[in-house]
Each structure stands twice: as structure tokens, then as C-alpha cells.
Student: 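My questions all concern the structure below.
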Amino acid sequence: MSKRRRYWLMKSEPDAFSIDDLERVGTEPWNGVRNYQARNFMRDGMKIGDKVLFYHSNTKVPGIVGTATVASGAYPDETQFDRKSDYYDPKASREEPRWHLVDIAFERKLSRTIRLEEIKQQAERLGEEFALIRRGNRLSVFPVSADQYSFLLSLE
DNA sequence: GCCAACGTTGGC
DNA sequence: GCCAACGTTGGC
């Protein structure tokens with residue numbers, strides 16, 4: 001198992017939870033992910049200290065707005081057990097939780113938004129398979145390479 | 001608000 | 001196991 005730090009991109013709708021919200025609270029359990037691929041990345045791939053690009057989706061100017069770090073190992077998402085939560089999952093139980101998450105800690109806000117529009121223009125540099133610009137891009141958590149991470153931040 | 005893309009569900 | 005129906009994501 002490599003101890004090398006990994007890099008990720010995580011999307012959030014700013015109306016629900018923005019980079020400013022993360023700055024205010026400092027650390028946040030990344031709850032509500034209900035996609036198996038995204039869950040697997042959190043549960044199986046993330047390690048404390050990994051770096052995260054924080055992306056605002058479903059908003060006027062979608063793009064990367066800040067950075068964060070992984071602040072915990074994976075553990076069950078409490079909201080799956082809460083009947084009153086939007087994220088309640090009747091098929092999950094304490095004995096067999098379905099959904100796991102990690103805590104995400106604020107690192108910094110970017111001086112400006114690196115807009116999806118500009119990121120698309122860098123398709124050749126990033127690689128056509130880069131998940132953010134691939135057709136039908138819907139995954140909310142996915143890995144980026146160290147090179148993609150530093151390149152994207154260099155656009156700031 | 002629209003709608004394409006795509007993941008999930010459930011009948012068969 | 002197939003696949004139509006349905007729900008959600010997310011850019012525009």
C-alpha cells in the first residue's frame with residue numbers, strides 16, 4: 001500500500017454547502033453521497049492528509065473555488081439511519097451500513113474561481129478522460145492525479 | 001426551467 | 001439477467 005498522498009475533486013452545490021460554509025465550520029462530515037462509485041473512493045481510497053479540490057456545481061459559475069484536506073478515515077454516514085433526513089436509506093442498518101464518508105477540513109479559498117469553462121479549454125493538457133470534462137460528468141467525488149492537481153491550481 | 005446523461009429499481 | 005421506467009445530476 002502506497003503511502004503517497006492522493007488527490008481528489010469533490011463537488012458541492014453552494015446552495016447546500018459552499019466553500020464559505022466549510023471555512024466557517026472548519027471540518028465537515030461529507031454526508032449525503034449516495035453513489036456507489038463516489039462512496040468507494042471515500043471509503044477505500046481516501047487517507048488522512050489527502051488533498052481535495054473543492055468544486056461548486058449546479059450554480060451560475062461552476063468551478064474550483066478552494067482546497068481542503070481529508071481529515072478522517074472512512075466511517076458510516078449517520079444520515080442514512082435518520083428517518084427524518086433527506087439522505088435516509090431504509091435499506092441501511094447499523095449492522096450493515098451502506099454509506100460511508102470522511103471528514104473534510106478547510107484549507108484555503110482560491111483568489112478566484114477556476115471556472116469549468118476554462119478547465120474545458122485545458123482538455124488537451126488534462127487528458128480527455130478527466131472526469132470533470134468527460135461527457136455526462138455526474139460523479140461528485142473522483143481522483144485527480146498529482147499533476148492534474150497542481151496544474152489546475154496553477155491556473156489560479 | 002429545460003433536458004441530456006446516466007444510475008437505480010423492479011417486473012418479468 | 002434484461003431492460004423500461006423512473007429519479008437525479010448538473011450544465012446551460
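Here is how names work: the chains are called A, B, and so on, in the same order as the sequence lines, proteins then strands, and each is numbered from 1. Note: hydrogens, waters and symmetry copies are ignored here, and every other heavy atom, side chains too, is used. As the structure is a computational prediction, the values presented were derived from the model and not from experiment.
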Student: Which nucleotide span of DNA chain C, 5' end to 3' end, has atoms closer than 4.0 Å to non-hydrogen atoms of chain A?
Tutor: C:dG7 to C:dC12
Student: Can you tell me if A:Trp8 and A:Asp50 form a side-chain donor-acceptor pair at under 3.5 Å?
Tutor: yes
Student: Please compare A:Gly136 and A:Arg98 by the position of their nearest nucleotide in DNA chain B and report the one closer to 5'.
Tutor: A:Gly136
Student: Apply side-chain contact (heavy atoms from CB on, under 4.5 Å) to A:Tyr7 and A:Arg5, showing your working.
Tutor: CA-CA 7 Å; A:Tyr7 301 85; A:Arg5 171 187 287 157; 3.9 Å; yes
Student: Hey, what do you get for CD (A:Glu118) to CZ (A:Arg112), rounding to the nearest 0.5 Å?
Tutor: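 Reported value, rounded in 0.5 Å steps: 4.0 Å.
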Student: Base, sugar-phosphate, or nothing for A:Lys60, non-hydrogen atoms under 4.0 angstrom?
Tutor: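 Since no nucleic acid heavy atom lies under 4.0 Å of A:Lys60, the category is nothing.
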Student: Side-chain donor-acceptor pair under 3.5 Å between A:Ser111 and A:Glu156, yes or no?
Tutor: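 A:Glu156 and A:Ser111 do have a side-chain donor-acceptor pair below 3.5 Å.
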Student: Pick base, sugar-phosphate or nothing for A:Arg34, based on heavy-atom distances below 4.0 Å to the nucleic acid.
Tutor: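 Touches nothing.
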Student: Go nucleotide by nucleotide along DNA chain B from the 5' end; which of A:Gln37 and A:Lys91 gets its closest nucleotide reached first?
Tutor: A:Gln37
Student: Regarding A:Ser145 and A:Asp147, do their side chains bring together a donor and an acceptor under 3.5 Å, going by distance alone?
Tutor: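 No, no side-chain donor-acceptor contact under 3.5 Å.
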Student: Looking just at side-chain N and O atoms, do A:Ser18 and A:Asp21 make a donor-acceptor pair shorter than 3.5 Å?
Tutor: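 Indeed, the side chains of A:Ser18 and A:Asp21 share at least one donor-acceptor pair under 3.5 Å.
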